[in-house]
Amino acid sequence: MPAGFGKRCWDCYWSGRLQREVEVNLYLFKSDKIKAAYKDFINWFIDRTCNQKVAMEHLKFTTFFETCDEVWHEIPSYNSLVQEFKPEGLRHHLTVLRWLIDTEQVIVNLDIKNEVAEKERILNLLNKLEVLPESIETYYEFLNEKLALKKTSLKSIRLALQPAIGIYVELSINRHQKPSQEQLDAYLRLKQGQLSAITGFVSHINRKYGTNIQCNPPDPEILRKDRRKILERDLIAINHIPHPTRKDYERWVVISLEYFHELKISRKTLATLNIEQNQDKAIVKHNKQEYVIPCLDGLNEV
């Protein structure tokens with residue numbers, strides 16, 4: 001026996017401690033069904049681990065049983081659980097959920113799970129704005145009407161709302177205003193992949209408020225200039241780093257090749273390249289071609 005344990009072994013110590021804590025926790029619940037369920041869960045948990053592990057972890061699961069006790073006075077169906085806890089909440093109680101599935105008390109309904117998850121994602125999107133602009137409120141109502149008629153899905157609603165909310169967030173548009181043509185063009189330069197997704201929102205604005213803004217694909221020349229400004233800013237930032245790291249050197253080469261030669265390469269490709277540094281320039285050899293870029297102190301360490 002370990003010193004100080006008397007006639008009890010290590011497992012007996014944890015077993016006694018766990019039993020006392022479980023008896024105390026039973027006073028948290030009013031329903032006899034929840035009390036019985038809690039004790040069944042503890043026994044199931046012990047069978048699959050050990051007294052010490054259960055004693056160390058079981059307290060974090062009491063909130064699950066407290067919620068069930070308060071809301072239903074028993075363990076409800078999976079549909080009710082996922083509606084109350086949401087998929088994210090149930091992920092915090094995976095051990096309890098495994099017990100419920102293992103003992104065939106619930107059957108996981110993936111359709112309900114996905115539906116609630118989409119609703120949660122939509123809510124998170126809407127919460128990006130403190131107060132919803134009228135244009136988004138009316139668009140959301142329009143999308144929900146289509147959902148009621150089974151002409152769209154929750155996932156489609158989320159994908160449609162994403163750019164509608166995104167343009168307000170990215171460009172800090174006043175909630176009392178509607179996006180202008182200039183703002184839409186600016187947003188699409190930032191988010192080129194949202195062209196198709198934002199079309200529905202733009203059509204809604206035109207139809208609802210009598211405007212006539214158009215979803216025009218960004219001008220490639222404007223995109224190129226915008227990209228060069230970003231690259232130039234990044235090069236200046238790296239050049240001002242007092243003690244560049246190896247990653248800084250790598251970024252310098254990758255960005256310089258794109259800025260000066262419109263050659264895009266990955267960090268992985270960079271590791272295979274031969275780089276020769278002179279006093280004021282570096283020569284990067286790639287696919288039997290030589291590309292000259294400005295020198296950065298320490299570039300030879302790449």
Side-chain angles (χ1 to χ4, degrees), residues 1-128 144 147 150 153-159 161-162:
M1 297 299 177
F5 277 75
K7 296 181 179 180
R8 294 182 305 167
C9 68
W10 184 248
D11 192 56
C12 287
Y13 162 76
W14 285 107
S15 176
R17 172 176 164 175
L18 176 60
Q19 186 176 354
R20 290 192 301 271
E21 291 181 0
V22 168
E23 289 299 323
V24 171
N25 285 343
L26 289 175
Y27 288 99
L28 295 171
F29 317 124
K30 298 177 182 178
S31 167
D32 290 336
K33 290 183 179 179
I34 294 297
K35 290 180 180 180
Y38 177 69
K39 288 194 289 187
D40 288 343
F41 165 70
I42 294 297
N43 291 330
W44 174 89
F45 201 3
I46 292 171
D47 288 341
R48 279 151 184 79
T49 53
C50 62
N51 285 305
Q52 179 181 357
K53 182 176 177 63
V54 178
M56 296 293 288
E57 296 186 3
H58 76 101
L59 291 176
K60 65 184 179 182
F61 300 115
T62 56
T63 55
F64 176 88
F65 291 94
E66 286 181 278
T67 301
C68 292
D69 185 53
E70 180 180 347
V71 178
W72 302 286
H73 313 301
E74 62 181 359
I75 301 296
S77 66
Y78 177 79
N79 294 5
S80 298
L81 286 173
V82 78
Q83 292 286 351
E84 176 68 24
F85 288 95
K86 308 294 187 273
E88 181 63 30
L90 283 180
R91 278 193 283 272
H92 293 296
H93 301 289
L94 276 180
T95 303
V96 183
L97 188 58
R98 290 192 187 101
W99 163 66
L100 291 172
I101 294 171
D102 190 46
T103 55
E104 298 182 350
Q105 296 185 60
V106 299
I107 298 175
V108 175
N109 187 324
L110 292 179
D111 291 336
I112 295 294
K113 179 181 178 181
N114 293 333
E115 178 183 336
V116 174
E118 285 296 348
K119 287 180 179 178
E120 194 171 10
R121 294 187 189 108
I122 290 172
L123 183 61
N124 290 336
L125 263 179
L126 297 173
N127 286 339
K128 288 185 176 182
N144 278 319
L147 180 66
K150 297 184 179 180
S153 65
L154 284 169
K155 182 178 180 180
S156 296
I157 289 178
R158 173 173 59 83
L159 294 175
L161 284 174
Q162 189 168 335

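Computed over heavy atoms, backbone and side chain alike; hydrogens, waters and symmetry mates excluded. The structure presented is a predicted model; accordingly, all values stated were derived computationally and were not measured.
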Apply side-chain contact (heavy atoms from CB on, under 4.5 Å) to L123 and list each qualifying residue two or more places apart in sequence or on a separate chain.
-> N127
With sequence neighbours left out, which residue pairs that include part of residues 21-44 fulfil the salt bridge (Lys or Arg N to Asp or Glu O under 4.0 Å) condition?
-> R17-E21, K33-E74
Of all residues at least two apart in sequence or in a different chain, which pass the side-chain contact (heavy atoms from CB on, under 4.5 Å) check with L94?
-> L97, R98
Would you check if I107 and I101 make a side-chain contact, meaning some heavy-atom pair closer than 4.5 Å?
-> no
Can you list the residues that meet the side-chain hydrogen bond (donor to acceptor under 3.5 Å, both in side chains) rule with T62, with sequence neighbours excluded?
-> none
Residues at least two apart in sequence or cross-chain that pass salt bridge (charged side-chain N to carboxylate O under 4.0 Å, His left out) with D111, listed by chain then number, are none
Kindly write out the residues that satisfy ring-ring contact (aromatic ring centres under 6.0 Å, His included) with Y78, not counting sequence neighbours, or none if the list is empty.
-> none
Residues two or more places apart in sequence or in another chain: which of them pass side-chain hydrogen bond (donor to acceptor under 3.5 Å, both in side chains) with E118?
-> R121, R158
Name all residues meeting the side-chain hydrogen bond (donor to acceptor under 3.5 Å, both in side chains) criterion together with W44; count only those two or more places apart in sequence or in a different chain, and write none if there are none.
-> D102
Mind checking salt bridge (charged side-chain N to carboxylate O under 4.0 Å, His left out) for K119 and listing every partner two or more places apart, or none if nothing turns up?
-> E115
Starting at CD1 of I75, measure out to SG of C68 and round the result to the nearest 0.5 Å.
-> 4.0 Å
Name the one of W72, F64, Y38, F41 that satisfies ring pair (Phe, Tyr, Trp, His ring centres under 6.0 Å) with F29?
-> Y38
Mind checking what makes side-chain contact (heavy atoms from CB on, under 4.5 Å) contact with L126, not counting sequence neighbours?
-> I122, L132, Y140, L161, I165
What do you reckon, is CD of Q105 surrounded by more than 12 foreign heavy atoms closer than 6.0 Å?
-> yes
Please identify each residue that fulfils side-chain hydrogen bond (donor to acceptor under 3.5 Å, both in side chains) with T67, with sequence neighbours left out.
-> none
Under 3.5 Å, is there a donor-acceptor pair between the side chain of K150 and the main chain of L147?
-> no
